[in-house]
Amino acid sequence: MGAIRAFFLPGSVLPAAPAYTDLIKALGPDVDAFAKDLDLYEADEPPPGWSLDTEVEGVLREADAKQWDTFHLVGYSGGGAAALAFAAKHPGRLLSLTLLEPAWAGDWDWSKEHSRFWKRIEELESLPPNQFMEAFTRLAVRPDVVLPPPPAGDPPPWMAKRPAGIRAFLHDFEKYHLDREQLSAFAKPVLFVLGGLSNPDQYGDIADRLSQVFPDYRVEVFEDRHHFDPPHRIEPERLAAVLKEHWNRA
């Protein structure tokens, strides 16, 4: 039996390598893991016409290049939204799906709290980039969570692309059609990893809604984690064990 094939998509802020290096190391040599940066950030500005489908095509391109007919897909935040889009469009390519707090999961059955959350996100649009990033980060966690200050010194060069990239995600979420019926037909195992300190009106609501969609679905809660100190970076060994159990079920 060959190595487990696992494809990882990062979120809209941290690139794939720093996001997943520790987790991939914890998974060990029996996992053939590939962490792909988002196509969104290939140039200094989001490409014209970018959408979640751009990222779906990027996964297909890389999987075909690696001759992976089937594989496990893991997506975090914006990459989690892209992973959902991939599962809806190409379910036959997936052995399982893992969602690490996807940033968005369709436009159906929103609670009042979830609708209010997105209204607050819309209100950030007029802010300059530095204020936008600070407010965007604050909304992702519970109100009582104390976030650390930004690292000292100049930010890494890739950080300059992030405000425009996040806005591209937010604009696409307003119009993208995520096919609920297609997702309901996805019979492979789906794992949702949730941080106990993340904003429940965002990620908790999504976790609950998807429980009504996928037939084989479970949630793993990391009580002490939130969206910006996620399990794949802070508790990679524990998450690696959870992933291997999930993949073995598939």
Side-chain angles (χ1 to χ4, degrees), residues 2-40 52 55-63 66 68-105 169 178 183 186-195 198 203 206-207 210 213-214 216-222 225 227-250:
I4 296 170
R5 296 171 173 177
F7 201 114
F8 294 82
L9 288 174
S12 60
V13 179
L14 202 63
Y20 288 120
T21 293
D22 290 344
L23 176 60
I24 289 172
K25 181 179 178 180
L27 287 168
D30 58 335
V31 176
D32 185 359
F34 179 70
K36 178 192 174 299
D37 280 314
L38 300 174
D39 284 4
L40 177 65
L52 291 178
E55 303 302 336
V56 169
E57 292 303 314
V59 173
L60 281 178
R61 182 182 67 246
E62 296 294 344
K66 294 174 72 63
W68 286 7
D69 293 333
T70 57
F71 51 92
H72 304 279
L73 181 60
V74 180
Y76 163 70
S77 195
L84 278 166
F86 190 95
K89 288 181 174 290
H90 303 284
R93 299 295 296 267
L94 297 185
L95 298 170
S96 75
L97 177 65
T98 300
L99 304 167
L100 309 175
E101 294 194 339
W104 178 83
F169 266 112
L178 184 64
L183 293 178
F186 185 80
K188 304 296 177 58
V190 178
L191 170 67
F192 193 108
V193 177
L194 179 65
S198 294
Y203 306 107
I206 290 175
L210 291 180
V213 175
F214 291 111
D216 186 347
Y217 176 85
R218 73 183 184 94
V219 177
E220 182 80 15
V221 179
F222 285 66
R225 302 276 66 83
H227 198 68
F228 289 105
D229 69 343
H232 55 278
R233 290 173 49 212
I234 311 300
E235 298 185 60
E237 291 83 7
R238 177 185 166 189
L239 180 57
V242 170
L243 285 173
K244 285 189 171 183
E245 178 187 359
H246 175 57
W247 294 338
N248 285 337
R249 288 188 60 245

Practice problem: Report yes if some heavy atom in the side chain of Y20 is under 4.5 Å from a heavy atom in the side chain of L27; otherwise report no. | Solution: no
Quiz item: Using 30° and 60° as the class limits, which term best fits the ring planes of Y217 and F214: parallel, tilted or perpendicular?
Solution: parallel
Quiz item: How long is the gap from CD1 on I206 to CG on L194, to the nearest 0.5 Å?
Solution: 10.0 Å
Quiz item: Can you find a pair of side-chain heavy atoms, one from L9 and one from V59, that are under 4.5 Å apart?
Solution: yes
Self-check item: Pair listing, side-chain hydrogen bond (donor to acceptor under 3.5 Å, both in side chains) test, anchored in residues 77-94, at least two apart
Solution: D64-R93, S77-H227
Exercise. Check whether any side-chain heavy atom of L243 sits under 4.5 Å from a side-chain heavy atom of L191, and report yes or no.
Key: yes
Practice problem: Answer whether the closest heavy-atom distance between the side chains of L94 and F71 falls below 4.5 Å. | Solution: yes
Quiz item: When you measure from the side chain of E55 to the backbone N and O of L40, does any donor-acceptor pair fall under 3.5 Å?
Solution: yes
Quiz prompt | Test item: T98 and W247 side chains (from C-beta on) under 4.5 Å apart, heavy atoms | solution = yes
Self-check item: Closest non-hydrogen atom pair between L23 and P236, with its separation
Solution: CD1-O, 3.5 Å
Quiz item: Going from CD on E220 to CG on L100, what distance comes out if it is rounded to the nearest 0.5 angstrom?
Solution: 11.5 Å
Quiz item: Can you tell if the side chain of W104 reaches within under 4.5 Å of the side chain of L52, non-hydrogen atoms only?
Solution: yes
Quiz item: What closest approach, in Å, do F186 and P189 show between heavy atoms, and which atom pair accounts for it?
Solution: CE2-O, 4.3 Å
Self-check item: Pairs where residues 3-31 contributes a residue and the test salt bridge (charged side-chain N to carboxylate O under 4.0 Å, His left out) is met, not counting sequence neighbours
Solution: D30-K244
Practice problem: Just say parallel, tilted or perpendicular for the rings of F34 and W68, cut-offs at 30° and 60°. | Solution: perpendicular
